[in-house]
Amino acid sequence: MPDGIVLPFEGVADAPVAAAPLPLRVSKLRLEAGGQALIDGIDLALAPSGVTMVMGPNGAGKSLLLRLLHGLVPASSGEICWGGLPLDEVRGRQAMVFQKPVLLRRSVAANVDFVLKSRGARDDRRRDALLEHVGLLDRARQPARLLSGGEQQRLALARALATGPEVLFLDEPTASLDPASVGMIEDIVRAARASGTKIIFVSHDIGQARRLADDVVFLHGGRLAEHSRASRFFSSPLSEAAARYLDGGLLY
């Protein structure tokens with residue numbers, strides 16, 4: 001194991017498969033493109049609850065790691081195991097929200113209805129409860145394309161939550177949003193965590209990471225440089241790359 005890596009949840013993936021949400025264990029994960037390793041030999045264990053913040057400089061491989069863990073990109077080699085199960089058996093128990101949500105050209109309500117219907121759970125009361133939860137019930141009949149950036153992202157979160165995910169991936173969901181929108185989305189994330197959903201969250205915002213993270217996965221150059229509890233990471237990072245990043249001296 002590389003120096004500077006702490007896996008405080010070592011052993012959690014040995015818990016019974018029936019326990020939910022799903023703990024994660026990654027072994028020797030690698031992604032190559034054009035003869036170059038974009039993700040290089042990552043070993044990782046994550047707890048089945050809480051907010052894991054994925055951080056690192058530009059080009060570190062943060063978004064690629066999320067796509068690998070969610071199965072959107074196939075790994076070149078290595079293993080991804082959720083609660084003792086291979087990735088292809090648990091995809092339906094996960095959801096992902098991207099930095100730029102892609103919404104249906106329909107009403108706000110219809111966007112959520114589409115997800116519920118695809119799950120065989122079309123229910124107007126459930127849809128309205130989700131929209132109220134994200135602060136969009138009063139806009140239910142409006143076209144989704146007329147929403148502001150922050151509102152669109154909250155709608156994307158409502159659609160993700162409509163699937164009842166055990167694991168929710170968030171890829172910089174608050175990038176370029178105003179502070180009020182950031183605060184509302186962070187409140188939604190806290191509520192999801194409190195309900196037992198595992199959150200894996202990519203962010204460049206150190207302040208946001210301090211507010212939300214239970215543990216931090218820090219990537220540098222496609223490698224895992226450090227994984228530790230948030231309190232330890234922000235007070236005394238173990239890797240030189242993380243220390244430089246927190247000081248503003250590591251951008252790439």
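Here the structure is a predicted model, which is why all the values come from computation and not from measurement.
A salt bridge links Arg67 with Asp171: at least one charged nitrogen is closer than 4.0 Å to a carboxylate oxygen.
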| task | List the steps, then state whether side chain to side chain donor-acceptor pair (under 3.5 Å) holds for Thr52 with Lys198. | result | CA-CA 8 Å; Thr52 295; Lys198 173 65 182 181; 2.7 Å; yes
| Chi angles and distances behind the side chain to side chain donor-acceptor pair (under 3.5 Å) call for Thr174, Gln208 | CA-CA 10 Å; Thr174 62; Gln208 180 174 71; 3.0 Å; yes
| task | Could you go through the side chain to side chain contact (heavy atoms under 4.5 Å, CB included) check for Leu24 and Val167 one step at a time? | result | CA-CA 10 Å; Leu24 167 71; Val167 182; over 6 Å; no
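Between Ser181 and Gln153, the side chains place no donor N or O within less than 3.5 Å of an acceptor N or O (distance only, hydrogens not considered).
In the hydrophobic clustering of this structure, Leu146 does not group with Val134; members are Ile, Leu, Val, Met, Phe, Trp, Tyr whose side-chain heavy atoms approach within less than 4.5 Å, directly or through other members. Residue Leu130 is not grouped with residue Phe114 when hydrophobic side chains (ILVMFWY) are merged at heavy-atom distances under 4.5 angstrom, including chains of intermediate members. Note on Leu157 and Val115: separate hydrophobic clusters, where clusters join Ile, Leu, Val, Met, Phe, Trp and Tyr whose side-chain heavy atoms are under 4.5 Å apart, directly or indirectly.
A distance of 11.5 Å separates CE in Met53 from CD1 in Ile200, rounded to the nearest 0.5 Å. Expressed to the nearest 0.5 Å, how far CE of Met55 lies from OG of Ser203 amounts to 6.0 Å. Here the straight-line distance linking atom CG of Leu44 with atom CG of Leu29 works out to 9.0 Å at 0.5 Å rounding.
By the 4.5 Å heavy-atom criterion applied to side chains, His220 and Pro57 are counted as neighbours. By the 4.5 Å heavy-atom criterion applied to side chains, Leu219 and Ile42 are counted as neighbours. Side chains of Asp215 and Leu46 form a contact here, defined as non-hydrogen atoms less than 4.5 Å apart. Residues Leu155 and Leu131 meet the side-chain proximity criterion, which asks for heavy atoms closer than 4.5 Å. Inter-residue side-chain proximity for Gln152 and Lys100 is flagged as unmet; no heavy-atom pair is nearer than 4.5 Å. Side chains of Arg91 and Trp82 form no contact here, defined as non-hydrogen atoms less than 4.5 Å apart. A 4.5 Å side-chain heavy-atom check between Arg154 and Met184 finds at least one atom pair inside the cut-off. Here the side chains of Arg232 and Leu238 are in contact, with some heavy-atom distance below 4.5 Å.
With sequence neighbours excluded, no residue satisfies side chain to side chain donor-acceptor pair (under 3.5 Å) with Glu240. Applying the side-chain contact (heavy atoms from CB on, under 4.5 Å) criterion to Arg190, with sequence neighbours excluded, gives Glu186, Asp187, Arg193, Arg211, Leu212. Shown here are the salt bridge (Lys or Arg N to Asp or Glu O under 4.0 Å) partners of Glu32, two or more places apart in sequence or in another chain: Arg30. In this structure, the side-chain contact (heavy atoms from CB on, under 4.5 Å) partners of Asp124, at least two apart in sequence or on a different chain, are Asp113, Arg122, Arg127.
When atom types are taken as modelled, the side chain of Asp214 and the backbone of Val51 share a donor-acceptor pair closer than 3.5 angstrom. Of the possible donor and acceptor atoms, one in the side chain of Lys62 sits under 3.5 Å from a partner among the backbone N and O of Gly56. Side chain of Glu226 to backbone of Ser239: a donor-acceptor contact under 3.5 angstrom is found. Using modelled atom types, no side-chain atom of Glu132 and backbone atom of Ala129 make a donor-acceptor pair closer than 3.5 Å.
The two residues Ser235 and Pro237 come nearest to each other via the heavy atoms C-CD, 3.9 Å. When all heavy atoms of Ala213 and Ala230 are compared, the closest pair comes out as O-CB, 3.3 Å. Taking each heavy atom of Gly150 and Leu177 in turn, the nearest pair found is N-CD2, 3.7 Å. Leu69 and Leu87 make their closest contact through O-CD1, 3.1 Å (heavy atoms, listed as atom of the first residue, atom of the second, distance). Residues Ser228 and Phe233 come closest through the heavy atom pair OG-CB, 3.6 Å. A pairwise comparison of heavy atoms in Leu168 and Ala160 identifies CD1-CB, 3.8 Å as the closest pair.
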Under 3.5 Å, sequence neighbours excluded: what are the donor-acceptor pairs made by side chains of residues 103-112?
residue, atom, partner, partner atom, Å
Ser107, OG, Ala110, N, 3.0
Asn111, OD1, Leu104, N, 2.9
Asn111, OD1, Arg159, NH1, 3.0
Asn111, ND2, Leu104, O, 3.3
Asn111, ND2, Ser107, O, 2.9

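Under the ring pair (Phe, Tyr, Trp, His ring centres under 6.0 Å) criterion, the residue pairs touching residues 51-70 are His70-Phe169, with sequence neighbours excluded.
Residue Gln142 places its CD atom among more than 12 non-hydrogen atoms of other residues, nucleotides or ligands, all under 6.0 Å distant.
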